[in-house]
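Report on one structure; see the data block that follows.
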Amino acid sequence: MKVILLADVKGQGKKNDVIEVSDGYGKNFLIPRKLAKIADAQSLNDVKVKEAARVYRIETEKKEAQALAEKLKGILVKIPASSGADGRLYGSITSKDIVEKLQADFSIAIDKRKLVMGDPIKAYGKYEVEVKLYPEVSGKIFVLVCEK
């Protein structure tokens, strides 16, 4: 019996997989518990359409991320900050500060969690910050922390 899984089933497969199971297992276990439905022509077609839509969405998001990575190339975000006598900043420059300045100066909206920073910036200077836009797509921006 061919069935389409409606949820992940341990040892059988993931959601939307089309698998072959014994008649008893399908009729007495999977279908009554709403873990699967019988694979007829209509439901197989629905699975194909959903998979095609998912693949298209992933490709579109990846292309958008690559375009944004190209746009980010060579961008220098200049952040003015004040410091004490020893040159250390009052407070620190965090990913939130960088994202806000990027939005204000270049009109590029990025989630602050996409910035890869080890520690917050606590001194003047030029820093390179990686931006993870999508699982295989990343870009780099430069952050210049200068005096007010």
Side-chain angles (χ1 to χ4, degrees), residues 1-81 88-146:
M1 157 182 270
K2 270 192 171 179
V3 295
I4 299 172
L5 296 178
L6 302 175
D8 293 353
V9 178
K10 190 173 182 178
Q12 295 299 322
K14 302 273 185 197
K15 182 177 179 179
N16 290 331
D17 284 352
V18 178
I19 60 170
E20 185 76 32
V21 296
S22 66
D23 290 347
Y25 183 60
K27 289 179 183 175
N28 297 325
F29 184 78
L30 293 175
I31 294 171
R33 288 182 170 77
K34 308 255 189 270
L35 296 174
K37 63 181 178 181
I38 297 175
D40 57 358
Q42 177 65 36
S43 57
L44 287 173
N45 189 36
D46 289 345
V47 168
K48 285 181 187 176
V49 169
K50 284 180 185 178
E51 180 63 21
R54 186 185 68 80
V55 169
Y56 176 76
R57 182 178 45 81
I58 288 172
E59 288 174 0
T60 306
E61 288 173 356
K62 191 171 184 175
K63 285 180 185 175
E64 289 173 1
Q66 288 171 340
L68 185 57
E70 284 296 317
K71 194 175 178 183
L72 288 176
K73 249 184 207 171
I75 285 186
L76 177 69
V77 180
K78 198 172 187 180
I79 300 178
R88 290 179 50 92
L89 299 179
Y90 292 130
S92 62
I93 306 296
T94 62
S95 58
K96 180 182 176 194
D97 300 325
I98 295 169
V99 168
E100 287 174 354
K101 192 69 171 166
L102 192 64
Q103 174 68 32
D105 292 350
F106 301 99
S107 300
I108 297 174
I110 295 176
D111 187 11
K112 69 179 184 177
R113 294 176 294 227
K114 294 188 185 239
L115 293 181
V116 179
M117 294 176 55
D119 294 319
I121 299 170
K122 296 185 179 185
Y124 291 129
K126 187 174 181 180
Y127 299 91
E128 186 178 33
V129 178
E130 186 178 0
V131 183
K132 291 268 188 187
L133 298 168
Y134 204 71
E136 299 159 2
V137 179
S138 62
K140 292 194 185 298
I141 60 172
F142 294 96
V143 178
L144 178 65
V145 180
C146 57

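- For the pair Ile19/Val3, a side-chain contact is recorded, criterion being any heavy-atom separation below 4.5 Å from C-beta on.
- In this structure, CD1 in Ile79 is found 9.0 Å from SG in Cys146, a value given to the nearest 0.5 Å.
- At least one side-chain heavy atom of Glu100 sits less than 4.5 Å from a side-chain heavy atom of Lys96.
- Looking at every heavy atom in both residues, Lys101 comes nearest to Val77 through CG-CG1, 3.5 Å.
- Side chains of Leu30 and Gln12 form no contact here, defined as non-hydrogen atoms less than 4.5 Å apart.
- Between atom OG of residue Ser95 and atom CG of residue Leu102 there is a gap of 12.0 Å, rounded to the nearest 0.5 Å.
- Side chain of Tyr124 to main chain of Ala81: a donor-acceptor pair is present (N/O by atom type, distance under 3.5 Å, no hydrogens or angles).
- Atoms CD1 and CG, on Ile110 and Leu115 in that order, are 6.5 Å from each other to the nearest 0.5 Å.
- In this structure, Glu20 places its CD atom where more than 12 heavy-atom neighbours from other residues, nucleotides or ligands lie under 6.0 Å away.
- The shortest heavy-atom contact between Asp97 and Ser92 is OD2-O, 3.5 Å.
- The pair Glu51-Lys48 does not count as a salt bridge, with every side-chain nitrogen at least 4.0 angstrom from each carboxylate oxygen.
- With values rounded to the nearest 0.5 angstrom, Lys62 atom NZ is found 12.0 Å from Thr60 atom OG1.
- Across Ile38 and Ile31, no two heavy atoms sit closer than the pair CG1-CD1, 3.6 Å.
- There is a side-chain donor-acceptor pair under 3.5 Å between Ser43 and Asp40.
- The distance from the CZ atom of Arg33 to the CG atom of Leu6 is 14.0 Å, given to the nearest 0.5 Å.
- Across every non-hydrogen atom of Ala39 and Ile4, the tightest pair is CB-CG1, 3.8 Å.
- Between Lys78 and Asp105 the shortest side-chain heavy-atom distance does not fall below 4.5 Å.
- Smallest separation of non-hydrogen atoms from Asn16 and Val47: O-CG1, 3.6 Å.
- Contact of the Lys15 side chain with the Leu5 side chain is not registered, since no non-hydrogen atoms from C-beta on lie closer than 4.5 Å.
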task = For side chain to side chain contact (heavy atoms under 4.5 Å, CB included), just list the numbers for Leu72 and Phe106, CA-CA rounded to whole Å, side-chain angles, deciding distance to a tenth of an Å, and then say yes or no.
result = CA-CA 10 Å; Leu72 288 176; Phe106 301 99; over 6 Å; no
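- For Arg113, the CZ atom counts as loosely surrounded, since its 6.0 Å shell holds 12 or fewer non-hydrogen atoms of other residues, nucleotides or ligands.
- Between Asp23 and Met1 the shortest heavy-atom distance is OD1-CB, 3.1 Å.
- With rounding to the nearest 0.5 Å, the separation of CD in Glu59 from CD in Glu61 is 11.0 Å.
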